[in-house]
Amino acid sequence: MSVGSHEKRMEQANPSITNLRADVEEHLQKLTVAISDRSVASAGNQNASAYFHDVLWNLGWKVTEHDFDALDWEDGTAYVATGNGTHLGCLANPYSDGCDLEAPMVVASTARELGEVQATGSILLLIGDFVQEPLLPKKFPFYQDPAQQAIIAAMEASKAAAIICASDGPPVIEDGDFEIPSVSVSIDAGRTLAAHAGKKIRLCSACFRKPSKAKNVIGFINPKAPKKIVFTAHIDAKKGVPGALDNATGITMLLLIARLMADYKGPYGIELVALNGEDHYAVPGQLAYLKAKPNLAESCALNINIDGIGYKEGDTAFSYFGLSQSMQHIAKAELSSKPGACEGIQWPQGDHSMFVQVGCPAIAVTSNWLLENMMTQSVTHSEEDRMDLVEVDRLVLTAQQLKAFIEAITPEQSLAISE
């Protein structure tokens, strides 16, 4: 081995803080700037997966992939025109089919009215409190809300040719399994449209669906170990947004851990999983991972899911799910009791939930600011979610703390699960 290669090997095993910071900047630049769209099955998403694969491989990790079919989607110009010449801008709902049609407009302003409306072949305008929050996709596999399912069923039973949702929030419908074309308008635009109830309007939406492919990428060491620590972060983002906090920082953390733990010789197997689908209506990567891991509950000693870490304000939050008392004691000592860290609330909106549901203990790592402002923040899923919101040192410090935590636990500490 040459002197240069020996020094490179030593630096890889013991990287300086400066080099780790440089890694963070490089990964975030690649994932949020060089790649402008990481939505599932898009070209950018495929490039991001290839990048994650190559970095792991170059760090000496063995790498495998789960390929799966997924629906991509292209947006396009959309508008509504009334008979008196009024044109109103609107947005196609993500993963909707497009349309170009002229038909009478029917209005429903309550869930009861929706259930009673006769809209066969018409354009159905939904306006009111019952369409002010996003509906879960009709086939979402991990959770269903009966009230929301009733609204979806009523929309389908209306036999409308297209649906317009009047809301000032996120899209009410984001579902590739919902077959009625749909768009969104503002509440003010909805009120303007409602005055034309019973009259013909024209709705044009140039979006279209694109069947495609995507993959999970998994780096691993010590695969024959009976128990594994599974680190997860989702590599996808909402269509067309930078997705720095959601979740380029999580993927960056996996790559930092890959560098710090490349020479791990402990009793566990280690998996670093870039899941592909957390921000996709059908969560296809999560389902592909579960299909490939039928014995997950028996093989996984602990899941550590990283999503939304690194916001420049507040602490890093560590939330604990089903840890044994001894493992939680070490987690608090090595993680949540450190300066700049805290124990977070138990939150279900992440990939750790699929581990918890099959009985695996889990630690969810995020920014406490996001937890505290979950219902009101407008950063994630928006153009605001850029690199300048990220505190680089938080990622470096947390990666080092997670390494220390893994090195401090033993398989015996994962046996007795706490309530």
Side-chain angles (χ1 to χ4, degrees), residues 10-32 52 55-56 59 219 229-234 243-264 266 270 272 274 302-320 323 327-345 347 350 352 362-372 379-380 385-409:
M10 290 297 292
E11 161 55 25
Q12 179 173 303
N14 300 284
S16 67
I17 297 296
T18 299
N19 285 325
L20 290 173
R21 288 171 177 158
D23 282 354
V24 172
E25 296 282 356
E26 179 180 355
H27 299 327
L28 290 179
Q29 176 74 21
K30 177 68 175 181
L31 294 168
T32 68
F52 184 77
V55 175
L56 288 181
L59 290 170
I229 306 292
V230 181
F231 288 87
T232 53
H234 70 89
L245 291 165
D246 190 22
N247 185 37
T249 53
I251 292 297
T252 296
M253 282 285 295
L254 295 192
L255 294 176
L256 291 182
I257 291 164
R259 188 169 187 181
L260 290 168
M261 299 191 69
D263 291 329
Y264 174 77
I270 305 293
L272 305 178
L302 177 68
N303 166 240
I304 300 176
N305 184 50
I306 308 171
D307 190 354
I309 190 174
Y311 188 65
K312 60 187 179 180
E313 296 180 22
D315 295 332
T316 298
F318 298 89
S319 301
Y320 305 128
L323 272 62
M327 186 181 284
Q328 185 158 322
H329 177 77
I330 296 172
K332 290 183 176 182
E334 297 290 345
L335 301 173
S336 54
S337 68
K338 297 293 187 180
C342 67
E343 184 171 345
I345 61 171
W347 52 286
H352 53 280
I363 300 174
V365 188
T366 191
S367 299
N368 199 51
W369 184 90
L370 292 177
L371 290 184
E372 292 179 334
V379 173
T380 60
D385 190 6
R386 300 185 178 276
M387 278 182 64
D388 58 5
L389 297 181
V390 179
E391 176 55 59
V392 169
D393 286 347
R394 291 182 189 274
L395 274 63
V396 172
L397 178 61
T398 305
Q400 293 172 320
Q401 291 170 340
L402 286 169
K403 175 179 181 286
F405 166 68
I406 296 304
E407 291 174 340
I409 60 176

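Along the sequence shown, residues carry numbers from 1. Owing to the predicted nature of the structure, the values given are computational and were not obtained by experimental measurement.
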Closest contact, heavy atoms only, [X] versus [Y]:
{"X": "Trp369", "Y": "Val379", "result": "CH2-CG2, 4.1 Å"}
{"X": "His27", "Y": "Val55", "result": "CE1-CG1, 4.2 Å"}
{"X": "Gln328", "Y": "Glu343", "result": "NE2-OE2, 4.4 Å"}
{"X": "Ala258", "Y": "Leu272", "result": "CB-CD1, 3.5 Å"}
{"X": "Thr32", "Y": "Ala248", "result": "CG2-CB, 3.6 Å"}

Taking C-beta and beyond as the side chain, do Val365 and Met253 meet within less than 4.5 Å on heavy atoms?
no
Do Tyr264 and Ile229 make a side-chain contact, defined as non-hydrogen atoms from C-beta onward lying under 4.5 Å apart?
no
Taking distance alone, no hydrogens or angles, what donor-acceptor pairs closer than 3.5 Å link side-chain atoms of residues 333-340 to residues at least two apart or in another chain?
from   : atom 1 : to     : atom 2 : distance (Å)
Ser336 : OG     : Tyr320 : OH     : 2.7
Ser337 : OG     : Lys332 : O      : 2.5
Ser337 : OG     : Ala333 : O      : 3.3

For the atom pair [atom1] ([X]) and [atom2] ([Y]), what is the distance rounded to the nearest 0.5 Å?
{"X": "Thr366", "Y": "Asp315", "atom1": "OG1", "atom2": "CG", "value": "12.0 Å"}
{"X": "Leu260", "Y": "Glu407", "atom1": "CG", "atom2": "CD", "value": "9.0 Å"}
{"X": "Leu256", "Y": "Leu20", "atom1": "CG", "atom2": "CG", "value": "6.0 Å"}
{"X": "Ile304", "Y": "Ile257", "atom1": "CD1", "atom2": "CD1", "value": "7.0 Å"}
{"X": "Thr232", "Y": "Ile306", "atom1": "OG1", "atom2": "CD1", "value": "7.5 Å"}
{"X": "Phe52", "Y": "Leu254", "atom1": "CZ", "atom2": "CG", "value": "5.0 Å"}

Okay, side chain of [X], backbone of [Y]: is any donor-acceptor separation there less than 3.5 Å?
{"X": "Thr249", "Y": "Ile309", "value": "yes"}
{"X": "His352", "Y": "Trp347", "value": "yes"}
{"X": "Ser367", "Y": "Leu370", "value": "no"}
{"X": "Asn368", "Y": "Thr316", "value": "no"}
{"X": "Ser319", "Y": "Ile345", "value": "yes"}
{"X": "Arg394", "Y": "Tyr311", "value": "yes"}

Pair Ile270-Ile406, side chain to side chain contact (heavy atoms under 4.5 Å, CB included): steps then yes or no:
CA-CA 10 Å; Ile270 305 293; Ile406 296 304; 4.2 Å; yes
Side chains of Asp385 and Thr380: any donor to acceptor distance under 3.5 Å?
no
Report yes or no: do Asp246 and His234 form a side-chain donor-acceptor pair below 3.5 Å?
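Looking only at side-chain atoms, His234 and Asp246 do form a donor-acceptor pair, the distance falling under 3.5 Å.
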Output yes when Arg21 and Glu25 qualify as a salt bridge under the 4.0 Å nitrogen-oxygen rule, no when they do not.
no
